[in-house]
Structures are given as structure tokens and as C-alpha cells.
Number of protein chains: 2
Amino acid sequence: MVCRMQCSSPGPRKGRARPTGRTGRPRSAEADAAILDATRAALVELGWGKLTMGDVAARAKVAKTTLYRRWASKNELVVDAVAVLFDELELPDRGCLKDDIEGVVLQFAALLARPETKTALMAVVAESTTDDALRNRIRSAVVDRQKRLVVQGRERAQRRGELPKDTGDPEGAASAARSVDMIFDVIAGAVVHRALVSGEPVDAAWAARFTTLLLGGLGSLERED
Amino acid sequence: MVCRMQCSSPGPRKGRARPTGRTGRPRSAEADAAILDATRAALVELGWGKLTMGDVAARAKVAKTTLYRRWASKNELVVDAVAVLFDELELPDRGCLKDDIEGVVLQFAALLARPETKTALMAVVAESTTDDALRNRIRSAVVDRQKRLVVQGRERAQRRGELPKDTGDPEGAASAARSVDMIFDVIAGAVVHRALVSGEPVDAAWAARFTTLLLGGLGSLERED
DNA sequence: CTCTTTCGCTACGAGTCGTAGCGTAACTCT
DNA sequence: AGAGTTACGCTACGACTCGTAGCGAAAGAG
């Protein structure tokens, strides 16, 4: 889902993309990497509004036409450039649910503190409100990467006995899906809002208070179902 | 804080701005209103990325130079155009804290559902990460308008006895301020994230579940302090 | 060696930006 | 009423960005 005309296939050979199946000169994987690096660098220096395709091409030492051969618009380029940053997110096992949540909150906050992330993320979300293709790209490249952590943390807490296990029936499954969505929106939303809108630091003290609130709230939600 | 060179003063006379004190032709208040209306209309049709100053000027039937005499950039214009929408937000007394929160959540969600709001809000926040002046403008024009509702709802709940009253000491005041900030970020963040990032509806059922979570969490937070 | 595709490069029309200059309109003060 | 001051509409402008087209050269596949 990266390039414009070619199909990207897994398993590049010798630093080049596309192992076989097509003839002709293959696309340079180095160029791809250089372009994405240049995009992130430009985001840091210029921000979203002043970033131009020509500038990115110059930084990547690549012709502007090469850029347009792979990405149709600035939006899609930036989504791909930022998406890889979300691969860093992990959920190390800290022993209990509370510590796991605090860890992921701080990790997410550290990611949002990076200038290239903060300036790009909101901008592409804004554009996605009037561009369905972009919305889907963001969902698969960014949102799903994050939501996976919630599912993972939930399962881990269930194994520890900190959360009740899922019932097999459809009713329970629907309830579980609603919970995951809710938790995801609350965590990601609160962290983003504090960091980018309120503009105040997401530090360990805040993370601890927030986690207390979330866990207490989950208990109430559980009791009501 | 609206115009570029002149000081806006309250109490216009006869549809014109600035009652007295300065000489010369006064700025047209009708033009201001027409420009802001045109900006919102253009946001609906074009979105943030394709909105141009020339287009807004044409819609408002105003010269482009008039636009630049009042707003230095597209960012500031859009902030002012969207800010007034947040004046609609109120906190009607529904009798108990739970209903008050659900009400404001749904009201905020309805505001975010409007295309001109959703497409503009995230965009200006994105730009504000690299523009301090814009950040302050957003804070005073949008964020403070929302936070006021949290303070108001909290005081009302305290009068009802649903929340403990503030202690007079500095420690208690700091704790109260932290709570207001936390509640604000959680509510606004979660609603924005669900509506704009997850792209799922903020309906009455979601609002009820979210409110249950929040109130339960507040209880836990309270017990720990 | 031939075929195919990508590459860098240049050039281009279209569109936007933000400003300057001008004559005119609107309002205040004397 | 007249003078002074400021905002307005209009036109024009250079600078910039966009996205594309056309070219010859480079890089791999068969």
C-alpha cells in the first residue's frame, strides 16, 4: 500500500524491491527510505503547512517526478513517513495491568513529543475528514498498530486474573469489542489532547493519576454490564 | 484579538464597530461577519487543504486585500471562524452529575459532527505545534471556552453534594486544578478521538458508558488523594 | 543484446500567495 | 461645511508551489 502503480511485494533482494515477476528496472528501495527520512526531517524543520514536495525531493536527492511516481499527494506521503514511527510502540510486561498501562501511556507520549509526529499526525487526521482513501490509509497504518496494544494488554490482564475472562457467547464478544474501543479512545484521546491541545506534559505523575482513573472506571463499567 | 491592526472594542454602534476614540472610516462589521460565514461555508465544501483566501474573499463579496487587512494568515482566520461555534456549548442543569456529563458529551459530539468544525479543528491544532501565536489564539478562543464547562459542572456537583467541597488550603486547590485538567483532557480527548480518528458515532449509548467509566474513575481518584 | 521500466532533468501552464498602488467611500473632528 | 484620517474595492505584480509531459540515460530481466 506504499507505492502508486507497482505492487509492493515482500522480500526484496539485494536492497532492491520486488524479487521477480516483472521485467524492467526495479524501483530503488534506497530512494524510498531516503524520501521517507527526508519527509520526517522536513516536518521537523518546516511543519506541515510549509512542507513542499520539491523540498522533500531535494533533501532526498531525488527528482521531484520520482516522488510523484510513488505517492499521489503530500497527505499519503506523510502518513507513510510517520506510520513507521508507530512500530516502536510495544507493551513490555511489567507485571500488573496498572504498570502496563502507565508504560504504554508514557511510551505514546514520548512518541507524540517528537516534532515530526505531533505536527504530522493532527494534520493528516484533519485531511482525512474530507478524504476517505486517506482515512483508510491512516486506519491501517497508524490506528490499528495502536489498538493492537490494547487487545494485547487486555488479554494479558485476563491471564493474570486482573480482568474477568471473555465469555464465549456473542453477547460477551460484543461487549468485549465495545470495551476495547472505549479504552482505546480514552487512552489515545486523553494523551493526545493533553499533549497537543492543552500543551502540558504527560509525565509519570500524570500517567499514574490517569491510570488510576481508567482502572477505577473500568471496574464501574464491569459491574454495570 | 480578532483584527490585525485595530483594537476591537465591545459595543458597536449602528452595525458598525468601534464606538469612538478613533478617527477615519470604521471597519465594516458586516464584512467581518460575511468573511467568517464564507470561511465556514468554504470549509464545508472544500475542507482545510483546498481552502484559499481568494475563494473566501469571493464568497464574502469582499476584496482579497480586505481579508489580509484583518487576518494575517489562513490559520488565524479559520480559528476565529470556528471559535464562535463553541459559544453554543452550554451546560444545562439536568439534575445530577451523570446526566450533566452525558449532556455535554453529546453536545460536544454534535458540534464535532459538523463538517466545518471537524475539518478545521484538527488542522489548526496541527499548525499550532509549530506556531506559538496560533497556539495561544486557540487556547483563548476555543480551549478556555470548553474548560469553563468542566469548572461549572464541577461546582454544580459540589453544591449538590455529589463531589466533596474544595478545601481552602493551597494543597487542595492544586489538587482541584489537576482534577479539572484531567477531566477536561479525558472528556474532550476521548470524544474527539472516537469521532475523528476512530470515526465511529458518539451516540447516547456510548455517552452513557463513557460517563459510567469517568464517574467510576473519579471516585477512585478521589479515594487516593 | 533487446526489451522494459525507472531514473534524473528540464520545462511548462495553472493556481495561490501576500503586497503595493490607486482612486473612492465613510466617518470624526474642528 | 471642510479637512483629516482610515477603510474599501480593484488591479496588477513577482514569487512560489503544484502536478505533469517529454526526453535521453541507467538498470535489471529474458
Side-chain angles (χ1 to χ4, degrees), chain A residues 2-9 11-35 38-39 42 46-78 127, chain B residues 2-9 11-35 38-39 42 46-78 127:
Chain A
V2 164
C3 47
R4 204 176 176 184
M5 307 171 64
Q6 282 190 333
C7 298
S8 72
S9 33
R13 191 182 60 165
K14 210 191 66 163
R16 302 289 177 173
R18 204 175 68 271
T20 181
R22 286 184 58 161
T23 163
R25 177 176 177 177
R27 285 195 173 167
S28 160
E30 287 87 351
D32 260 0
I35 290 171
T39 304
L46 307 173
W48 164 266
K50 296 181 180 176
L51 180 146
T52 67
M53 297 294 260
D55 186 78
V56 171
R59 285 172 194 258
K61 297 192 171 77
V62 156
K64 199 174 59 167
T65 44
T66 300
L67 244 168
Y68 281 105
R69 286 188 190 103
R70 308 185 184 204
W71 286 277
S73 71
K74 192 168 103 172
N75 290 330
E76 306 193 2
L77 170 60
V78 170
E127 291 300 313
Chain B
V2 164
C3 47
R4 205 175 176 186
M5 308 170 62
Q6 281 190 333
C7 297
S8 73
S9 35
R13 192 182 59 166
K14 209 188 65 160
R16 302 289 177 172
R18 206 178 64 268
T20 180
R22 286 186 57 160
T23 162
R25 176 176 177 176
R27 286 196 172 166
S28 159
E30 287 87 352
D32 260 0
I35 291 170
T39 304
L46 306 173
W48 165 265
K50 296 182 179 174
L51 180 144
T52 67
M53 297 293 262
D55 186 78
V56 171
R59 286 173 194 256
K61 297 193 171 86
V62 156
K64 199 173 57 164
T65 44
T66 299
L67 246 170
Y68 281 104
R69 286 189 189 102
R70 308 185 182 203
W71 287 277
S73 71
K74 192 169 103 172
N75 290 329
E76 306 193 1
L77 170 60
V78 170
E127 291 299 315

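Residue numbers begin at 1 in each chain, while the letters A, B, ... track the order of the sequences.
Atom CG of B/Asp32 is separated from atom P of D/dA7 by 12 Å (rounded to the nearest Å). Distance NZ (A/Lys50) to C1' (D/dC16): 13 Å, rounded to an integer number of Å. Atom CG in B/Leu46 sits roughly 14 Å away from atom C1' in C/dG15 (whole-Å rounding). One atom, OH of B/Tyr68, and another, P of C/dT16, lie 11 Å apart when rounded to the nearest Å. Rounded to an integer number of Å, the gap from CE of A/Met53 to P of D/dT17 is 13 Å. One atom, NZ of A/Lys61, and another, C1' of C/dT6, lie 20 Å apart when rounded to the nearest Å. For A/Leu67 and D/dT20, the CG to C1' distance is 14 Å, given to the nearest whole Å. Rounded to an integer number of Å, the gap from A/Glu30 CD to D/dA27 C1' is 13 Å.
Looking at heavy atoms from C-beta onward, B/Trp48 lies in side-chain contact with B/Asn75 at the 4.5 angstrom threshold. Taking 4.5 Å as the limit, every side-chain heavy atom of B/Glu127 sits out of range of all side-chain heavy atoms of B/Lys74.
A donor N or O paired with an acceptor N or O is not found under 3.5 Å between the base of D/dG19 and the side-chain atoms of A/Arg69. The base of D/dC10 lies close enough to the side chain of B/Thr65 for a donor and an acceptor atom to sit less than 3.5 Å apart. Put simply, the side chain of B/Lys64 and the base of D/dG9 share no donor and acceptor less than 3.5 Å apart. Checked by distance alone, A/Arg25 brings a side-chain donor or acceptor within 3.5 Å of a matching partner on the base of C/dT6.
Taking CD of A/Glu30 as the reference point, atom CG of A/Asp32 lies at 9.5 Å (rounded to 0.5 Å). One distance of note links CD1 of B/Ile35 with CG of B/Leu67; it measures 4.5 Å at 0.5 Å rounding. Note: B/Arg59 CZ to B/Leu51 CG = 8.0 Å, rounded to the nearest 0.5 Å.
Set against C/dC27, C/dT16, D/dG9, the side chain of B/Ala63 has D/dG9 as its closest nucleotide. The listed nucleotides are C/dT4, C/dA26, D/dA7; the one nearest the side chain of A/Thr23 is C/dT4.
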